[in-house]
2 protein chains.
Amino acid sequence: MTFATSTPPRDIEAAIFSAVDSCVAQWGWDKVTMDDICGTAGVSRATVYRLFPGGRDVLFEAVRLSKLEDFFTAMRAHVEGSESLEELLVRCIVIASSELQHDEHLAMMLATAPGETLGDLTVSGLDRIVRVATAFITPLTDDFIPATEAAHIVDVMCRLVISYYLSPSPTLDFANEDATRSFVRTFLLPSTSSVVVTQ
Amino acid sequence: MTFATSTPPRDIEAAIFSAVDSCVAQWGWDKVTMDDICGTAGVSRATVYRLFPGGRDVLFEAVRLSKLEDFFTAMRAHVEGSESLEELLVRCIVIASSELQHDEHLAMMLATAPGETLGDLTVSGLDRIVRVATAFITPLTDDFIPATEAAHIVDVMCRLVISYYLSPSPTLDFANEDATRSFVRTFLLPSTSSVVVTQ
DNA sequence: GACATTGAGACAGTTTCTGTCTTAGTGTCT
DNA sequence: AGACACTAAGACAGAAACTGTCTCAATGTC
C-alpha cells in the first residue's frame with residue numbers, strides 16, 4: 001500500500017496509449033494532433049507533455065515501442081514450450097508473418113516515423129525491431145543453443161521475415177508452416193550447433 | 001462533336017467530387033485539406049479553385065448539394081409509379097428513414113457545415129433539405145393533390161422524418177412500413193383534399 | 001497544512017493551410 | 001502555323017492550426 005507517490009500514473013499512461021491507438025485508427029498518424037489525443041484520453045495537454053517530455057515524437061515513439069513489446073510478448077507466449085529449436089523457429093516465423101499479413105495496422109505501428117510504413121523502414125527502425133525481437137526470443141533458445149548463437153540466428157530470422165513481408169515471394173510463404181519448416185531446416189538450422197542435438 | 005470549348009469540365013468535376021467523397025470517408029470533414037483532395041483527384045489546386053470559386057466552403061457546399069440531389073433522385077426513382085398519395089408518402093418516408101439509418105455518412109453529407117451532423121442542423125440547413133425535397137417530390141403528387149398542398153405536406157413530411165431520425169421514438173419507427181402507413185393515414189392524409197379521391 | 005498531481009488555458013514560435021496569382025506546357029480549333 | 005482554352009506546377013502572403021512551455025487554481029493524499 002505504500003506506493004509512495006500517490007496515485008499511479010499507469011492508468012493515465014494507458015489511457016493515453018489507448019487514445020493514440022483509436023485516434024490513429026480513425027485519422028492516421030499524419031492527421032492526429034496532440035489535442036485529439038488529449039481529448040480522446042480525457043486528459044489535459046499538460047499531463048501528456050509531463051508524462052512524455054519531448055512531446056509528440058516522444059509519445060509516438062513510446063507507443064510504437066509499447067506496440068512492439070506487446071507484439072513480441074504475445075508471440076513469445078505462443079511459441080513457449082517448443083521442444084526443439086526447429087519448432088521454435090518455425091513457430092516464430094509463421095506467427096510473425098501471419099500477424100503481419102493479417103493486421104495491416106501492425107506494420108505501420110512498428111515502423112519508425114509517423115506515416116512511414118515498414119516499406120520505408122530506416123536502418124534505425126530495422127535495428128530496433130531486431131533488438132527487441134532478440135531480447136524477447138533469445139531467452140527461449142537457452143535450452144538449445146548458446147546465447148551468442150541465438151542472437152545471430154534471431155537477427156537473421158527477423159530480417160528474413162520482414163523482407164518476405166515487404167516483397168512476398170511466389171515460391172515461399174512464411175505464413176505456411178510446412179514451407180517454413182522446410183526453409184528453416186535448409187537455411188537456418190545448419191548454421192547452428194544444435195543440429196547434432198536434435199538429430 | 002462541336003462542343004465548342006474543348007474538353008468538358010464535367011469529368012474533372014466528377015473526379016473532384018469523387019475525391020472529396022473518399023477523402024472525407026478516410027479522414028472526415030475536419031481533417032481534409034484542399035491539397036488532399038487535389039492530390040486524390042489528380043488535379044491541380046488551381047483547377048479546383050477555378051471550378052469552385054470561393055474555395056473550400058463553396059466546394060463542400062457543392063458536394064453536399066450534389067449528394068442531396070443524388071439522394072432525392074434515387075428516392076424519386078423508388079417511389080415513382082405510386083398509385084395513391086398514401087402509397088407515395090409511405091414509400092417516401094420509409095425509404096428516406098431506412099437510408100438515413102443505414103448510411104451514417106449520409107446524414108453528415110446532408111448537414112450544412114463540415115463536421116456538423118444533422119443533430120446540429122441549422123435553420124438554413126433544414127430549409128435547404130426541405131426545399132430540395134419539395135422540388136423533387138412535389139411533381140409526383142400532381143396526380144393526387146394540387147401543388148400548393150403538396151408543398152405543404154412534403155414540408156411537414158421532411159421535418160417529421162428528420163425529427164424522428166434525430167431522436168427515434170420507441171413507439172414509431174419510420175423504417176417500418178406498416179407503422180408508417182398507419183401514421184400517414186392518421187396525421188398526413190386527413191389534411192389533404194385527396195381523402196375523398198382515394199377513399 | 002504540506003505535498004503531489006491534474007485540468008484549464010495563456011502564450012510565442014513554428015508549421016500548415018488557404019486562396020490568389022503567374023508561368024509554362026498541352027491539345028484543339030481555324 | 002497561330003489563336004485559343006485549359007491545365008499543372010508552384011510561388012506567395014495572410015490566416016489558421018498545432019506544438020511545446022508555462023502559470024495558476026483545483027483536487028486529492030499523507
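Heavy-atom basis, side chains included; hydrogens, waters and symmetry copies ignored. From a predicted model like this one, the values you see are computed outputs, not experimental measurements. Order of the sequence lines sets the chain letters (A, B, ...), proteins ahead of strands, with each chain counted from 1.
Taking atom CG of B:Leu51 as the reference point, atom P of D:dT7 lies 7 Å away to the nearest angstrom. Note: CZ (A:Phe60) to C1' (D:dG20) measures 14 Å, nearest angstrom. Between B:Glu13 atom CD and D:dT7 atom C1' the separation is 16 Å, expressed in whole Å. Computed from coordinates, the A:Phe52 CZ to D:dT21 P distance equals 14 Å when rounded to whole Å. Look at CG on B:Asp30: it is 12 Å from P on C:dT18, rounded to the nearest Å. Between the CD1 atom of B:Ile12 and the C1' atom of C:dT26 there is a distance of 13 Å, given to the nearest Å. Taking atom CG of residue A:Leu59 and atom C1' of nucleotide D:dG20, one finds them 13 Å apart after rounding to whole Å.
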Criterion side-chain hydrogen bond (donor to acceptor under 3.5 Å, both in side chains) on B:Thr73 and B:Asp70, from CA distance to verdict: CA-CA 5 Å; B:Thr73 300; B:Asp70 287 352; 5.3 Å; no
Set out, in order, the CA-CA distance, both residues' side-chain angles and the distance that settles salt bridge (Lys or Arg N to Asp or Glu O under 4.0 Å) for B:Arg91 and B:Glu177, then state yes or no. CA-CA 8 Å; B:Arg91 284 200 209 169; B:Glu177 187 172 330; over 6 Å; no
Check against salt bridge (Lys or Arg N to Asp or Glu O under 4.0 Å), A:Asp36 and A:Lys31: CA-CA 9 Å; A:Asp36 290 333; A:Lys31 298 280 187 179; over 6 Å; no
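In this structure, the ring of B:Phe60 has its center no less than 6.0 angstrom from the ring center of B:Phe52. No close placement of the A:Phe174 and A:Tyr165 rings is indicated, their centers lying 6.0 Å or farther apart.
In this structure, B:Ser44 does not reach the D:dG10 phosphate: none of its side-chain N or O atoms is under 4.0 Å from OP1 or OP2. Between A:Arg56 and D:dG20 there is no side-chain N or O to OP1 or OP2 distance below 4.0 Å.
Of the listed nucleotides (C:dA10, C:dA8, D:dT7), C:dA10 has the atom at the smallest distance from the side chain of A:Arg45. Considering only the side chain of A:Tyr49, D:dT19 comes nearest among D:dT19, C:dG7, C:dC21. Side-chain proximity of B:Thr47 to the nucleotides C:dG9, D:dG10, D:dT7 is greatest for D:dT7. For B:Ala46, the listed nucleotide lying nearest its side chain is D:dA9; candidates were C:dT18, D:dA9, C:dG7.
Each of A:Lys31 and A:Gly42 has a nearest nucleotide on DNA chain C; the 5'-most of these lies closest to A:Gly42. DNA chain D is contacted by both B:Val43 and A:Met34; B:Val43 maps to the nucleotide lying nearer its 5′ end (nearest heavy atom per residue). Summary of the strand contacts: A:Arg50 and A:Asp35 both lie near DNA chain D, and taking for each the nucleotide with the nearest heavy atom, the more 5' one is attributed to A:Asp35.
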